[in-house]
Amino acid sequence: MAAKPGLFEVLKKRGFIQDLSSEELFELASRPLGVYLGFDPTADSLHLGNLVGIIALSWFQRYGHTPYALIGGATGRIGDPSGKSLERPFLQEDLIEANTAGIKAFLEEILLRNGDKNGPKPVCLNNNDWLKDVFLIDFLRDIGKHFRVSGMLAKESVKLRMETEEGISFTEFCYQLLQGYDFYHLFSEKQIVLQAGGSDQWGNITAGIELIRRKKGASAYGFTFPLLTRSDGKKFGKSEKGAIWLSSAKLSHYEFYQYLYGVADADVVFLLKMLTFVPLETIEEIEKQMGSSAYIVGSAQKLLASEVTRFVRGEAGLESALKVTEKARPGEEAVLKAAELEQIFSQMPHLELTYNEVVGQKLVDLLQKTRLTSSKSEGIRLIKNEGAYLNNQKVLSEDYLLQDKDLIEGRFIVLSKGKKNKLIIRLKKPA
């Protein structure tokens, strides 16, 4: 399959390119290339921040290039200092291996499902396959001699850590040698000429480019994309409950969808460009409409949530998220039934309590017990501001007591803090 022209032009227009090692890439990408991007196995699932890298590989795949996902089974034993103020705690080897296997399966599935069936197939690699056999003396002699300490100290990730009280360990300091060697190895063995990564990876990427130039006398290339940050400067991918995981085993389809649906207007256009394949012309039209009275509030967020959920979780995952969203929607018209709540129970934030822990309790106390609010006073303020819902209906009395009639078919209640933070409570069956 021949590569389609114009990939880097498309990425540039979408704001996808932060750093570019050479303008030659605009022309070079007109023929099929191998491109790789690394993923650290620090958890058993990737998170929303990793999604930009997956989208990058998918863009290359759609334009006729072979995407390589490199999982750091070896480098994960050290930890990349880039963007970190403290040294990562070391993980046990069996945990790294389990995380690596899970991430590999996820990446293969998502790239295959979203790629051109007639195009290049994605390839997943593990750098432990070659780094585990490297001897220290050989590595220092053959690889280390091509790195200059002055250049290593000048890397942004190193400089930032040198300014902290903890500093940087020799172990982390050498991380850039290992990532540079990965690029050299893949260039030599797989003819991969391009490495991609987040903007915090630029120093590591250029280390590999320089190593290939010194050892091979050849040209290799790299580019980075912006990290996912909100308009207020904070990172995307975190909620009150923690990371926004890509795996449905760690975060339900509904919660994943709702996080994206809840992004601010100031961020939604940026995310549509970075996390979806919606044509740029469509996104620009949405941006224009957002400043006019013709704009339907939330429609951009709905498009974002739908497109990203479909890409990450598949069509069935999106359908599940939409189904739960409809059933959980506050309002008098939303009739809740026990059978339906049973079906969506595991997809939403949920809890099991005894009858006596629910019936006869004040709503403000139950809100605090379930951690929807952090204190009784916060619960009272929530009720006064008309943001507390019981079974999708507003509760306006701060002294409201839960009664038998509030139980849905004697088994469930649904609490909501505002219209988006919801919790299903199922009564435990008597022992």
Side-chain angles (χ1 to χ4, degrees), residues 8 18-29 31-40 53 56-57 60 65-82 120 123-159 168-224:
F8 276 93
Q18 177 114 355
D19 302 292
L20 194 69
S21 66
S22 172
E23 295 290 326
E24 292 177 28
L25 278 169
F26 283 85
E27 175 60 30
L28 197 65
R31 61 179 187 268
L33 302 174
V35 56
Y36 93 92
L37 191 143
F39 299 89
D40 277 337
L57 290 179
F60 277 88
H65 306 288
T66 302
Y68 290 82
L70 177 63
I71 305 172
T75 46
R77 288 165 164 78
I78 293 174
D80 185 358
S82 303
V123 181
C124 282
L125 301 171
N126 180 351
N127 63 13
N128 194 53
D129 290 343
W130 54 86
L131 286 175
K132 64 179 172 55
D133 296 324
V134 172
F135 289 96
L136 177 61
I137 297 298
D138 294 340
F139 186 81
L140 292 176
R141 182 193 62 198
D142 298 335
I143 303 300
K145 74 173 185 176
H146 295 291
F147 286 78
R148 294 294 174 263
V149 172
S150 58
M152 294 174 70
L153 288 169
K155 301 296 184 186
E156 191 68 21
S157 60
V158 175
K159 286 198 299 183
I168 186 169
S169 70
F170 179 74
T171 302
E172 287 185 298
F173 181 62
C174 293
Y175 185 92
Q176 57 186 287
L177 274 75
L178 296 175
Q179 187 164 328
Y181 180 75
D182 281 342
F183 198 176
Y184 168 76
H185 175 86
L186 293 172
F187 180 92
S188 303
E189 300 298 323
K190 303 287 186 182
Q191 292 73 57
I192 297 174
V193 299
L194 175 61
Q195 182 183 175
S199 57
D200 59 347
Q201 294 298 307
W202 184 240
N204 293 330
I205 291 173
T206 54
I209 292 173
E210 180 64 12
L211 179 61
I212 291 167
R213 185 189 69 80
R214 285 174 174 269
K215 282 190 68 68
K216 291 282 191 178
S219 296
Y221 305 88
F223 90 95
T224 65

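Everything numeric in this text was worked out from a predicted model, so none of it was measured. The basis for the numbers below is simple: all heavy atoms, side chains too, and nothing from hydrogens, waters or symmetry mates.
- For the atom pair L125 CG and W130 CH2, the distance stands at 5.0 Å (nearest 0.5 Å).
- Looking at residues two or more places apart in sequence or on another chain, you find no side-chain hydrogen bond (donor to acceptor under 3.5 Å, both in side chains) involving S199.
- Partners of L25 by side-chain contact (heavy atoms from CB on, under 4.5 Å), not counting sequence neighbours, listed by chain and number: F8, L20, S21, L28, L194, Y221.
- Residues forming a side-chain contact (heavy atoms from CB on, under 4.5 Å) with V158 (at least two apart in sequence, or on another chain): L153, K155, M162, I168, F173, Q176.
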Distance-only check: which donor-acceptor pairs under 3.5 Å involve side-chain atoms of residues 31-40, not counting sequence neighbours?
{"residue": "Y36", "atom": "OH", "partner": "Q195", "partner atom": "OE1", "Å": "3.3"}
{"residue": "Y36", "atom": "OH", "partner": "Q195", "partner atom": "NE2", "Å": "3.0"}

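- A distance of 13.0 Å separates NE2 of H185 from CG of L211, quoted to the nearest 0.5 Å.
- In this structure the side chain of D200 never reaches within 4.5 angstrom of the side chain of E156, judged on heavy atoms.
- Summarising the geometry of T66 relative to P120, their closest heavy-atom pair is OG1-CB, 3.6 Å, with the distance given to 0.1 Å.
- Atom OH of residue Y68 and atom CD1 of residue I192 lie 5.0 Å apart, to the nearest 0.5 angstrom.
- The distance from atom OG of S169 to atom CD1 of I78, rounded to the nearest 0.5 Å, is 9.0 Å.
- With sequence neighbours excluded, no residue satisfies ring pair (Phe, Tyr, Trp, His ring centres under 6.0 Å) with H146.
- The distance from the CZ atom of F135 to the CG atom of D142 is 12.5 Å, given to the nearest 0.5 Å.
- Qualifying side-chain contact (heavy atoms from CB on, under 4.5 Å) partners for K216, counting only residues two or more places apart in sequence or in other chains: Y184, F187, S188, I212, A218.
- The CZ atom of F223 sits 10.5 Å away from atom CH2 of W202, with the distance rounded to the nearest 0.5 Å.
- Judged as a side-chain hydrogen bond (donor to acceptor under 3.5 Å, both in side chains), and not counting sequence neighbours, the contacts of T75 are N127.
- Residue pairs satisfying the salt bridge (Lys or Arg N to Asp or Glu O under 4.0 Å) criterion with at least one member in residues 204-214, sequence neighbours excluded, are listed as follows: E210-R213, E210-R214.
- Listed by first then second residue, pairs satisfying salt bridge (Lys or Arg N to Asp or Glu O under 4.0 Å) with a partner in residues 125-140 read D138-R141, not counting sequence neighbours.
- Screening residues 181-190 for salt bridge (Lys or Arg N to Asp or Glu O under 4.0 Å) gives no qualifying pairs among residues at least two apart or on separate chains.
- Here Q201 pairs with D80, Q179, N204 under the side-chain hydrogen bond (donor to acceptor under 3.5 Å, both in side chains) rule; sequence neighbours left out.
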